[in-house]
Enquirer: 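Take this structure first; my questions come after.
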Amino acid sequence: MSAIQASRGTRDILPGEVGYWQRVESIAREILGRAAYQEIRTPIFEQTDLFERGVGEATDVVSKEMYTFQDRGDRSLTLRPENTAGVVRAFVEHHLHAQGGVQRLWYLGAMFRYERPQAGRQRQFHQLGVEVLGSSDPRADAEVVVIAAELLQAIGLKDLRLEFNSIGDQRDRQHYREALITYLMPYKADLDSDSQDRLTRNPLRILDSKDQKTQAILQEAPSLLDYLSPESQQRFERVQQLLIDSGISYNINSRLVRGLDYYTHTVFEIQSDDLGAQATVCAGGRYDGLVTDLGGPETPAVGWAIGLERLILLLQQLQPPIAPTLDFYIVSRGDRAEAQALKLAQLFRNTGFSVELDLSGSAFGKQFKRADRSGAVACLILGDAEAEDETVQLKWLASGEQQAIAQADLPKMTDELRQQIDRWRC
RNA sequence: GCGAGCGUAGCCAAGUGGUUAAGGCAGCGGAUUGUGGUUCCGCCAUUCGGGGGUUCAAGUCCCCUCGUUCGCCCCA
C-alpha cells in the first residue's frame, strides 16, 4: 500500500526548518510595526472575477495559473494567486478609505499558482507584502522600497540588487507600445517565437526576454524612459533622489516590466544570483488605477511582495538552522518519582524554563544518553530515593557536577537557577 | 504547457543483465537493571517510486505512470 504524499508543488515545513520562518516572521512584524503598518488578513479564496479584473485577464497568472473551482453553490472561486487584489477588495468593501489619510497595511500568507514546480517555485507558496493606499507622494514609493531593503538586511541577506524603473502612466505606455512595435516589426522573423507571439498581444514583455538574439535586437530599440511625459519623468526622478538620500543604491533597468497589469509609474525588483533560474525575491510597484478598477474611489497606491520560500532559500545558504534551546531535561524512574517529575516539569515551565520530560521509562543510563543529546543545560533526576525524601538531584551536564535539592526549595531558587543556566550556556 | 536529467532503508549512498541487494550516519537493544558524551557487540530493504514488458535470468534494458531536479515560459 502506498502512503499518501503531499500534493505536487506543496511542501511541509518541518521542525528543523521552521526556525527560519519564525525568525523571518518576527523580524517582519517588528520592522513593519515600527513603521506603522498594520496587519490585514484576507480570505485565501476569492471570487474568480476579482483576479480577472484586478490582475488582468491577459496575464499568464490569470489565464493559465489559477486554481479555480466551482463550489457547491455553483460560484466560481479561485485560490488567491497574489494578495494585492484581495487587500484592495477588503479596502473597498470595508470603506477603509473613509478613515481618511493613508492606510499602511501588511500581510503574510499562502498563495497558489498552478505552475511547474522548481527550486524557488511552488504551487503553494508564501508571500509577505505591504500595501500603502491613499498616497501618490513619491515619498510613499521611496518608503516601501526602503522598508523592503531594511527588512531584507535585518534578516541577514547579502548580495542583493535593486532593479528600478518607471513604466509611466497608461498614456505614456500607449505611446511607447506603438514605437516599440514600429521598431520591432522589421525584425519580426528574427525574434524568438514567444516574442513574436507577444508582439501583438503584450509587446512590453518582449523587453525582458532571455533570448540572446532578441536581446541583441533590443539594443537599438527605443527606451521606455524616453516616452515618459514630463510629469512622469519628474516623479521618477523625485523617487530616485529620495532613494539616494536614504542611502539605497539601485540600478535603473529600463527593460524591467512587470507581469501584472495593474502597475503604473514605479516598478522594482530586488534580485539575487543565488536562486537559480528565479532571481526575484521581492517585487512591487505603484498601482494607481487598481482601486477604481475594483469599484472603489480613486486611490493611488504602492506596494510589494516578498516570496518567503525564496527568501528562506537564500537565508539557508548563509546561516545554520536555528535550534530551539532547552534548559532542563528530566530523568525519572519509579511510579512515585515519575509522578513528581511530571509536577516538577509543570513548575519549571511555569517559571519560564524550557523543560523536556523523558517518557521512556527506560534505564537511567538510556535516559542520560537522551538528556545529553537533547542539548539541555541541566538534568533533573528523580528516582525512588528522591521520591522518598522529596528531593531532586540537579546535574549540570557539561561538568557532571551534581547536588541534591529539596523539592520544596525549588520555587525560591528560580532566579539563581536562571543565572546558572545562562552562565553554562556561554 | 514544452525540453532534459534523476528516483536503491529515516538520511547519504555502492551496484552498469547472472546465485543471498555493499558501506556509512541516524535509530533501537545489549556489554553498563541509579548516572551521559568514548568504545565494543547485535538488530534495522523478501526488495530497488508504482505498473506493465523483453529475457532462462531485471535494481540494471524497453514502455507507461507518479514524484523530483534543471532549463524554457512565467513569477515571489
Side-chain angles (χ1 to χ4, degrees), chain A residues 1-11 14 16 55 58-66 80-84 108-129 148 152 192-195 197-198 202 205-206 208-211 257-260 268-272 275-284 303-314 329 331-334 337 358 360-376 378-387 393-402:
Chain A
M1 203 174 53
S2 58
I4 294 173
Q5 300 180 314
S7 299
R8 176 157 215 201
T10 68
R11 237 168 52 83
L14 298 173
V55 179
T59 62
D60 280 42
V61 167
V62 169
S63 63
K64 53 183 212 198
E65 294 173 4
M66 293 209 299
R80 59 187 186 191
E82 57 97 59
N83 206 29
T84 298
L108 179 132
M111 308 294 154
F112 304 84
R113 290 181 200 172
Y114 191 89
E115 294 187 276
R116 191 96 181 231
Q118 278 176 228
R121 175 187 302 162
Q122 294 167 211
R123 289 182 174 181
Q124 176 179 338
F125 61 103
H126 297 79
Q127 286 186 338
L128 167 71
L152 295 170
D192 62 281
S193 59
D194 286 313
S195 294
D197 208 42
R198 282 183 293 214
N202 197 350
R205 295 219 51 89
I206 295 174
D208 56 16
S209 166
K210 285 180 192 167
D211 186 82
V257 287
R258 314 278 359 279
L260 311 182
F268 64 92
E269 293 189 6
I270 298 176
Q271 303 178 346
S272 164
L275 283 169
Q278 276 67 239
T280 306
V281 199
C282 173
W304 49 251
I306 288 175
L308 290 178
E309 277 79 3
R310 289 184 187 177
L311 188 162
I312 283 164
L313 225 46
L314 293 172
Y329 191 94
V331 157
S332 62
R333 204 152 155 69
D358 192 299
S360 68
S362 51
F364 274 114
K366 298 290 171 200
Q367 295 197 46
F368 277 103
K369 201 167 273 201
R370 276 189 283 271
D372 196 52
R373 254 171 284 172
S374 74
C379 207
L380 296 173
I381 306 148
L382 281 122
D384 294 332
E386 289 77 18
Q393 293 287 331
L394 171 67
K395 177 173 185 171
W396 300 102
L397 285 164
S399 67
E401 279 174 72
Q402 189 171 320

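Lettering follows sequence order; numbering is per chain, from 1.
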Enquirer: Would you indicate which nucleotide in B:rC73, B:rC70, B:rA76 comes nearest to any side-chain atom of A:Gln278?
Expert: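 Comparing B:rC73, B:rC70, B:rA76 against the side chain of A:Gln278, the answer is B:rC73.
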Enquirer: Is a donor on one side and an acceptor on the other found under 3.5 Å between the side chain of A:Gln367 and the backbone of A:Ser362?
Expert: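 Yes.
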Enquirer: Among B:rC73, B:rA76, B:rC75, find the nucleotide with the atom closest to the side chain of A:Gln118.
Expert: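 Of all the options, the side chain of A:Gln118 is nearest to B:rC73.
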Enquirer: Write down the partner of B:rG42 under the Watson-Crick or G-U wobble criteria, each distance required to be under 3.5 Å.
Expert: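 In the structure as shown, B:rG42 has B:rC28 as its Watson-Crick or wobble partner.
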Enquirer: With no hydrogens and no angle check, is any side-chain donor or acceptor of A:Arg333 less than 3.5 Å from a backbone partner on A:Gly383?
Expert: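 The answer is no, because no donor-acceptor pair under 3.5 Å joins these two groups.
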Enquirer: At under 4.0 Å between heavy atoms, what does A:Glu65 touch on the DNA or RNA strands: base, sugar-phosphate, or nothing?
Expert: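 It contacts sugar-phosphate atoms only.
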Enquirer: CG of A:Leu314 versus P of B:rA76: gap in Å, rounded?
Expert: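 In whole Å, B:rA76 P lies 16 Å from A:Leu314 CG.
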Enquirer: Side chains of A:Arg116 and A:Arg8: closer than 4.5 Å at any heavy-atom pair?
Expert: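 Yes, side chains in contact.
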Enquirer: Given atom CZ of A:Arg370 and atom P of B:rG36, what is their separation to the nearest angstrom?
Expert: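 Interatomic distance, CZ of A:Arg370 to P of B:rG36: 13 Å.
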Enquirer: Would you check if A:Leu152 and A:Leu314 make a side-chain contact, meaning some heavy-atom pair closer than 4.5 Å?
Expert: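 Answer no - side chains too far apart.
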Enquirer: Between B:rA9 and B:rA26, how far is it from one C1' atom to the other, in whole Å?
Expert: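 Looking at atom C1' only, B:rA9 and B:rA26 are 11 Å apart.
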Enquirer: Donor-acceptor pair, A:Gln122 side chain versus A:Gln124 backbone, under 3.5 Å?
Expert: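 Yes, because the side chain of A:Gln122 sits within donor-acceptor range (under 3.5 Å) of the backbone of A:Gln124.
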Enquirer: Rounded to whole Å, how long is the line connecting atom CD of A:Glu115 with atom P of B:rG71?
Expert: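 Between P of B:rG71 and CD of A:Glu115: 14 Å.
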Enquirer: Compare all side-chain heavy atoms of A:Arg123 with those of A:Ser7 and state whether any distance is below 4.5 angstrom.
Expert: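 Side-chain contact under 4.5 Å: no.
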Enquirer: Regarding A:Gly400, tell me which of base, sugar-phosphate or nothing describes its non-hydrogen contacts under 4.0 Å with the strands shown.
Expert: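 Base contact - A:Gly400 has a heavy atom under 4.0 Å of at least one base atom.
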Enquirer: Does OP1 or OP2 of B:rC66 have a side-chain N or O of A:Arg8 closer than 4.0 Å?
Expert: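 Answer no for this pair, as no side-chain N or O of A:Arg8 is under 4.0 Å from OP1 or OP2.
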Enquirer: Between B:rU68, B:rA76, B:rG71, spot the one nearest the side chain of A:Ala277, thanks.
Expert: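 So the nucleotide nearest the side chain must be B:rG71.
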Enquirer: Would you mind classifying the nucleic acid contact of A:Cys379 as base, sugar-phosphate or nothing, using non-hydrogen atoms under 4.0 angstrom?
Expert: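 If one applies the 4.0 Å heavy-atom cut-off, A:Cys379 turns out to touch nothing in the nucleic acid.
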Enquirer: Distances for protein N/O vs nucleotides 2-7 of chain B N/O pairs under 3.5 angstrom?
Expert:
{"residue": "B:rC2", "atom": "N4", "partner": "A:Arg116", "partner atom": "NH1", "Å": "2.9"}

Enquirer: Under 4.0 Å between any heavy atoms, over every strand shown, what does A:Ala371 touch: base, sugar-phosphate, or nothing? Just pick one.
Expert: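 Since no nucleic acid heavy atom lies under 4.0 Å of A:Ala371, the category is nothing.
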Enquirer: In whole angstrom, give me the gap between the P atoms of B:rU54 and B:rC28.
Expert: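 Taking atom P in both B:rU54 and B:rC28, they lie 47 Å apart.
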Enquirer: Rounded to whole angstroms, how far apart are CD on A:Gln271 and C1' on B:rA76?
Expert: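 About 12 Å, once rounded to whole Å.
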Enquirer: May I have the distance from A:Arg121 (atom CZ) to B:rC75 (atom C1'), rounded to whole angstrom?
Expert: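 After rounding, the gap between these two atoms is 6 Å.
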Enquirer: Does the side chain of A:Gln402 come within less than 4.5 Å of A:Ile381's, by heavy atoms?
Expert: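 Touching, per the 4.5 Å side-chain cut-off.
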Enquirer: Is the side chain of A:Arg113 donor-acceptor paired with the backbone N or O of A:Pro81 at a distance under 3.5 Å, no angle test?
Expert: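 The answer is yes, because a donor-acceptor pair under 3.5 Å joins these two groups.
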Enquirer: Please compare A:Ala398 and A:Tyr114 by the position of their nearest nucleotide in RNA chain B and report the one closer to 5'.
Expert: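 Final value for this comparison: A:Tyr114.
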Enquirer: I'd like to know if the side chain of A:Glu309 and the backbone of A:Arg121 have a donor-acceptor N/O pair within less than 3.5 Å.
Expert: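 No, A:Glu309 side chain to A:Arg121 backbone: no donor-acceptor pair under 3.5 Å.
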Enquirer: Rounding to an integer number of Å, can you tell me how far A:Arg113 CZ sits from B:rG1 C1'?
Expert: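 Answer to the nearest Å: 17 Å.
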Enquirer: What I'd like to find out is whether the side chain of A:Arg310 reaches to under 4.5 Å of the side chain of A:Thr280, using heavy atoms alone.
Expert: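 A:Arg310 vs A:Thr280: side chains touch.
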Enquirer: Roughly how many Å apart are B:rU60 and B:rG7, using the C1' atom of each and rounding to a whole number?
Expert: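 Here B:rG7 and B:rU60 have their C1' atoms 14 Å from each other.
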Enquirer: Name the residue closer to the 5' end of RNA chain B, choosing between A:Lys366 and A:Arg205 according to the nucleotide with the nearest heavy atom.
Expert: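 Looking at the nearest nucleotide for each, A:Lys366 comes out on the 5' side.
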Enquirer: Are A:Arg373 and B:rG27 close enough that a side-chain N or O sits under 4.0 Å from OP1 or OP2?
Expert: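 For B:rG27, OP1/OP2 do have a side-chain N/O of A:Arg373 under 4.0 Å.
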Enquirer: If we take the P atom in both B:rG27 and B:rU38, what is their distance in whole Å?
Expert: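 Between the two P atoms, the distance is 10 Å.
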Enquirer: Could you work out, with salt bridge (charged side-chain N to carboxylate O under 4.0 Å, His left out) as the rule, every residue matching A:Asp192, not counting sequence neighbours?
Expert: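 Checked A:Asp192 against salt bridge (charged side-chain N to carboxylate O under 4.0 Å, His left out); zero matches.
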Enquirer: Just wondering, do A:Lys64 and A:Tyr114 contact through their side chains at under 4.5 Å, heavy atoms?
Expert: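 Result no, sub-4.5 Å side-chain heavy-atom pair not found.
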Enquirer: List in chain and number order the residues that pass salt bridge (charged side-chain N to carboxylate O under 4.0 Å, His left out) with A:Asp197, two or more places apart in sequence or in another chain; answer none if no residue qualifies.
Expert: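 So A:Asp197 forms a salt bridge (charged side-chain N to carboxylate O under 4.0 Å, His left out) with A:Arg201.
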Enquirer: Is there side-chain contact between A:Asp194 and A:Asp211, with at least one heavy-atom pair below 4.5 Å?
Expert: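 No, every pair of side-chain atoms sits at 4.5 Å or beyond.
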Enquirer: Considering only atom P, compute the distance from B:rC70 to B:rA13 and round it to an integer number of Å.
Expert: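 Between the two P atoms, the distance is 16 Å.
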Enquirer: Please classify the nucleic acid contact of A:Leu128 as base, sugar-phosphate, or nothing, using heavy-atom distances under 4.0 Å.
Expert: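 If one applies the 4.0 Å heavy-atom cut-off, A:Leu128 turns out to touch nothing in the nucleic acid.
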Enquirer: What's the CD-P distance between A:Gln5 and B:rG50, to the nearest Å?
Expert: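 Result: 11 Å.
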Enquirer: Can you tell me the base-pairing partner of B:rG23? Count Watson-Crick or G-U wobble geometry only, both distances below 3.5 Å, and say none if there is no partner.
Expert: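 Result: B:rC12.
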Enquirer: Calculate the interatomic distance between A:Lys64 atom NZ and B:rG1 atom C1'; express it in whole Å.
Expert: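 Going from A:Lys64 (NZ) to B:rG1 (C1'), I get 7 Å.
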Enquirer: Is A:Gly9 touching bases, backbone alone, or none of the nucleic acid, heavy atoms closer than 4.0 Å?
Expert: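 Contact class for A:Gly9: sugar-phosphate only.
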Enquirer: Take atom C1' in B:rC2 and the same atom in B:rC61, then report the distance between them in whole Å.
Expert: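 It works out to 27 Å between them.
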Enquirer: Polar atoms only, N or O, under 3.5 Å: list the protein pairs with nucleotides 33-35 of chain B and their distances.
Expert:
{"residue": "B:rG34", "atom": "O6", "partner": "A:Asp384", "partner atom": "N", "Å": "3.1"}
{"residue": "B:rG34", "atom": "O6", "partner": "A:Ala385", "partner atom": "N", "Å": "2.7"}
{"residue": "B:rG34", "atom": "O6", "partner": "A:Glu386", "partner atom": "OE1", "Å": "3.4"}
{"residue": "B:rG34", "atom": "N1", "partner": "A:Glu386", "partner atom": "OE1", "Å": "2.7"}
{"residue": "B:rG34", "atom": "N1", "partner": "A:Glu386", "partner atom": "OE2", "Å": "3.1"}
{"residue": "B:rG34", "atom": "N2", "partner": "A:Glu386", "partner atom": "OE2", "Å": "2.8"}
{"residue": "B:rU35", "atom": "O2'", "partner": "A:Lys395", "partner atom": "NZ", "Å": "3.3"}
{"residue": "B:rU35", "atom": "O2", "partner": "A:Lys395", "partner atom": "NZ", "Å": "2.7"}
{"residue": "B:rU35", "atom": "N3", "partner": "A:Gln402", "partner atom": "OE1", "Å": "3.0"}
{"residue": "B:rU35", "atom": "N3", "partner": "A:Gln402", "partner atom": "NE2", "Å": "3.3"}
{"residue": "B:rU35", "atom": "O4", "partner": "A:Gln402", "partner atom": "NE2", "Å": "2.7"}

Enquirer: Does B:rG3 have a Watson-Crick or wobble mate here (both distances under 3.5 Å), and if so which one?
Expert: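 Partner of B:rG3: B:rC70.
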Enquirer: Who pairs with A:Glu82 by salt bridge (charged side-chain N to carboxylate O under 4.0 Å, His left out), at least two apart in sequence or on another chain?
Expert: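 Scan of A:Glu82 (salt bridge (charged side-chain N to carboxylate O under 4.0 Å, His left out), adjacent residues dropped) gives none.
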Enquirer: Please give the distance between the C1' atoms of B:rC40 and B:rA14 as a whole number of Å.
Expert: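 That atom pair is separated by 26 Å.
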Enquirer: Report the base-pairing partner of B:rA58 (Watson-Crick or G-U wobble, both distances below 3.5 angstrom), or none.
Expert: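 When the pairing criteria are applied, nothing turns out to pair with B:rA58, so the answer is none.
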Enquirer: Enumerate the protein-to-nucleotides 39-41 of chain B contacts in which both atoms are nitrogen or oxygen and the separation is below 3.5 Å.
Expert:
none

Enquirer: Could you measure between the two P atoms, the one in B:rG37 and the one in B:rA45, and give it in whole Å?
Expert: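 Taking atom P in both B:rG37 and B:rA45, they lie 27 Å apart.
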